[in-house]
Amino acid sequence: MKWPTSCISGIAVIVFYCTFTFTSLALYPTAYSPITNWRSDLGNSGFNPVGAVFYNTGCILTGIVLFP
């Protein structure tokens, strides 16, 4: 079965975003919990000085790919 390009790119965007988010999470300097932290803390250079670049890059590239 041949999948349409939009389906393949949609799956790729999800994998792409998750890869950048989990990279940022791995570089978070303290214990991260969704109960005590916002997801945007991953992209805040004050809270996550090294990993913020990865999270923000992933969000920007995901937005570019999803823009029609």
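Along the sequence shown, residues are numbered consecutively beginning with 1.
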Trainee: For residues 17-26, tabulate all N or O donor-acceptor pairs below 3.5 Å that involve a side-chain atom, not counting sequence neighbours.
Mentor:
residue, atom, partner, partner atom, Å
Y17, OH, Y55, OH, 3.2
T19, OG1, V15, O, 2.7
T21, OG1, Y17, O, 2.9
T23, OG1, T19, O, 2.7
S24, OG, L42, O, 3.2
S24, OG, N48, ND2, 3.0
S24, OG, G51, O, 3.0

Trainee: Please write out which residues are connected to W38 in a hydrophobic cluster, directly or through intermediates, given that two of Ile, Leu, Val, Met, Phe, Trp, Tyr count as joined at side-chain heavy-atom separations below 4.5 angstrom.
Mentor: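 In the cluster with W38 there is nothing else; it is isolated.
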Trainee: Can you tell me if S9 uses its side chain to pair, donor with acceptor, with the backbone of S6 under 3.5 Å?
Mentor: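 Side chain of S9 to backbone of S6, a donor-acceptor pair under 3.5 Å: yes, one is there.
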Trainee: Does N37 have any side-chain hydrogen bond (donor to acceptor under 3.5 Å, both in side chains) partners at least two apart in sequence or in another chain, and if so, which?
Mentor: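 side-chain hydrogen bond (donor to acceptor under 3.5 Å, both in side chains) check on N37 returns Y28, D41.
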Trainee: Taking the side chain as C-beta and beyond, is there a heavy-atom pair between F16 and L61 under 4.5 Å?
Mentor: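 Answer yes - side chains close enough.
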Trainee: Should I11 and I8 be counted in the same cluster of Ile, Leu, Val, Met, Phe, Trp and Tyr side chains packed under 4.5 Å apart?
Mentor: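 Both belong to a single hydrophobic cluster.
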